[in-house]
Chemist: 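The structure is given below, and queries will be raised subsequently.
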Protein chains: 2
Amino acid sequence: MTKGITRERIVTAALELLDDQGMDALTVRALASRLDVRAPALYWHVRNKQELLDEMATEVMRRVAGAFAAVPPGDGWRDDLTAYARVLRAEYLLHRDGARIFSGTRITDPDVVRMKEPLFERWAASGWKPADADDAVDLVTAFVVGFVIEEQERRQAAGTDPARYSIDQRDAWLGEGASLVKEAGHLQDDGDQRFERHLGMVLDGIAARLDA
Amino acid sequence: MTKGITRERIVTAALELLDDQGMDALTVRALASRLDVRAPALYWHVRNKQELLDEMATEVMRRVAGAFAAVPPGDGWRDDLTAYARVLRAEYLLHRDGARIFSGTRITDPDVVRMKEPLFERWAASGWKPADADDAVDLVTAFVVGFVIEEQERRQAAGTDPARYSIDQRDAWLGEGASLVKEAGHLQDDGDQRFERHLGMVLDGIAARLDA
DNA sequence: ACCTGAACACCGTTCAAGT
DNA sequence: ACCTGAACACCGTTCAAGT
């Protein structure tokens, strides 16, 4: 019952371990211990640690695809891409350093990639060619990845070094002058609001190029 | 002459080691050996490996700031942001996994952050408030980070596993159906062209929101 | 087929001791 | 002030041996 390690159980446990303890604590030994086996046992199911990380990233993207599929189809590409961007960000935010760890990794499951097909079909009806659809998805993905990497770094820094995150401390650290940079720092919003505003700009840019 | 380790020499050597051998080979011992000292010597100059990584990221951003400063001022924000995006991408591309490693890290040198000030001043003349300028820079940065992470992953995958990167192999891997996804894969361009096109969309989006 | 014990060649980091 | 030798508590991975 609790024994009988499988590839899936390993990946699930690895994601839990990452969330609980962080990337540095995600060791083969610790993972094995969480699954009640010794470290070498894992090598029967997984070639090496890199393959484990690829599988973890694929699982995260599978969940993104699943969450997106559960969203009712929107009224055109803009709704669809908005939903996709939100789902992707939400899934990254669920895991420590999720964006940095899981972006740009090799997806091992073709089903995850094939989930783009119905989207591409819908958008074709509104005049987008496959190349356009591909550009749009990749651009939104790149934006979300970059945004969330910065967001998670900021969050973590605020946790470990709250002093550095106070506005006064930052102003002092910046030294004399740089008044516009400081002012921008004072006004900067965080989180959802900022994300939605930036996402809106990206989508405006897509509209400008692809909706002739 | 060759002895007398300094913080800067350590960081420079660390970047060289990363480029030569990759992230996994960037160990404290290997770095020390390259500098002709024993590993513990480095701990006199740097608190720990994380601090070394922060310094490396800061050095990379210092070079970005330097390269950008060498570009003649453009004719408005669009020229400036285009130049910035290109310089940032170029610097990331110089280092293995540069975008993933150096994005979202704590900048340790205030001068690097202060370099935004003259830009913000110029853009103020064309009606941008500091908050607008901040949004624009951060959005372009997020895009470049996400784009180059994907780009470098693709490049590295093509190196280690060229089979997977042939179009036929990918089609076979995707299985039946998914014809639009496959078609997009066939047409996808790489590198500079794709970067410029996507960057153009991001800048269009910024224009749509901020140039009222 | 699936798992363990023992081992190998490493890690990052500390610290007393040297100059 | 700056560096070394030796050590500590770990790593990822391999492999013969067990069931």
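Any value given below was found using the heavy atoms of this structure, including those in side chains, with hydrogens, waters and symmetry copies removed. So you know, we letter chains A, B, ... as the sequences are listed, proteins then strands, and number each from 1.
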Chemist: Would you kindly give the CG-to-P distance between A:L31 and D:dG12, to the nearest whole Å?
Modeler: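 To the nearest whole Å, that distance equals 10 Å.
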Chemist: Do B:R194 and B:E150 sit within salt-bridge range, that is, some charged N less than 4.0 Å from a carboxylate O?
Modeler: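 Answer for the salt bridge query: no.
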Chemist: Determine the interplanar angle of the B:H198 and B:F143 rings, folded into 0 to 90°, and report it as parallel if under 30°, tilted if 30 to 60°, perpendicular if over 60°.
Modeler: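 Tilted: the ring planes of B:H198 and B:F143 meet at 30° to 60°.
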Chemist: Between A:I5 (CD1) and C:dT4 (C1'), how many Å, whole number?
Modeler: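 It is 13 Å, rounded to the nearest whole Å.
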Chemist: Quick check on DNA chain C: between A:A41 and A:R29, whose nearest nucleotide comes earlier from the 5' end?
Modeler: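 Looking at the nearest nucleotide for each, A:A41 comes out on the 5' side.
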Chemist: Salt bridge or not for B:D20 and B:R34, using N-O below 4.0 Å?
Modeler: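 Judged by the 4.0 Å cut-off on N to carboxylate O distance, B:D20 and B:R34 do form a salt bridge.
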Chemist: Salt bridge check, A:D109 against A:R62: does any charged N sit closer than 4.0 Å to a carboxylate O?
Modeler: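 Salt bridge present between A:R62 and A:D109.
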Chemist: I'd like to know if A:K129 and B:E183 make a salt bridge, using a cut-off of under 4.0 Å between side-chain N and carboxylate O.
Modeler: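 No, this pair does not count.
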Chemist: What does the list of N/O pairs under 3.5 Å between the protein and nucleotides 14-19 of chain D look like, with a distance for each?
Modeler:
none

Chemist: I need the CD-P distance between A:Q21 and D:dC11, as an integer number of Å.
Modeler: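 Rounded to the whole Å, the gap is 11 Å.
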Chemist: Determine, for A:D189 against A:R197, whether the closest basic-nitrogen to carboxylate-oxygen distance falls under 4.0 angstrom.
Modeler: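 Salt bridge between A:D189 and A:R197, a charged N being under 4.0 Å from a carboxylate O: yes.
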Chemist: Measure CH2/B:W44 against P/D:dG5 and give the value in whole Å, please.
Modeler: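 My rounded result for the distance is 18 Å.
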Chemist: Between D:dG12, C:dG12, D:dC3, which one does the side chain of A:V28 approach most closely?
Modeler: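 Nearest to the side-chain atoms of A:V28, counting from C-beta on, is D:dG12.
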Chemist: Return one dot-bracket line describing DNA chain D 5' to 3' (Watson-Crick or G-U wobble pairs, both distances under 3.5 Å; ( ) same strand, [ ] crossing, | another strand, . none).
Modeler: ||.|||||...|||||.||
Chemist: In whole angstrom, give the distance that lies between atom CD of A:Q50 and atom C1' of D:dT13.
Modeler: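 Those two atoms, CD and C1', are 15 Å apart.
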Chemist: A:K49 NZ to D:dC10 C1': how many Å, rounded?
Modeler: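 Atom NZ in A:K49 sits about 12 Å away from atom C1' in D:dC10.
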Chemist: Side chain of A:R38, heavy atoms from C-beta onward: which of D:dT4, C:dA1, C:dG5 has the nearest atom to it?
Modeler: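 The listed nucleotide nearest to A:R38's side chain is C:dG5.
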Chemist: Using whole Å, report how far CD of A:E51 lies from C1' of D:dT13.
Modeler: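 Distance, rounded to whole Å: 14 Å.
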Chemist: Less than 4.0 angstrom from a charged side-chain N to a carboxylate O is my criterion; do A:D97 and A:R155 meet it?
Modeler: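 No.
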Chemist: Starting at CG of A:L26 and ending at P of D:dC11, how long is that distance when rounded to a whole Å?
Modeler: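 Computing the A:L26:CG to D:dC11:P distance gives 11 Å.
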Chemist: Any salt bridge between A:E117 and A:R114, counting N to O under 4.0 Å?
Modeler: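 Salt bridge: no.
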Chemist: Of the nucleotides D:dG12, D:dC2, D:dG5, which has the atom closest to the B:H45 side chain?
Modeler: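 Output: D:dC2.
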Chemist: Please determine if B:R122 and B:D80 form a salt bridge, counting it only when a charged side-chain N lies under 4.0 Å from a carboxylate O.
Modeler: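 Yes, B:R122 and B:D80 are salt-bridged.
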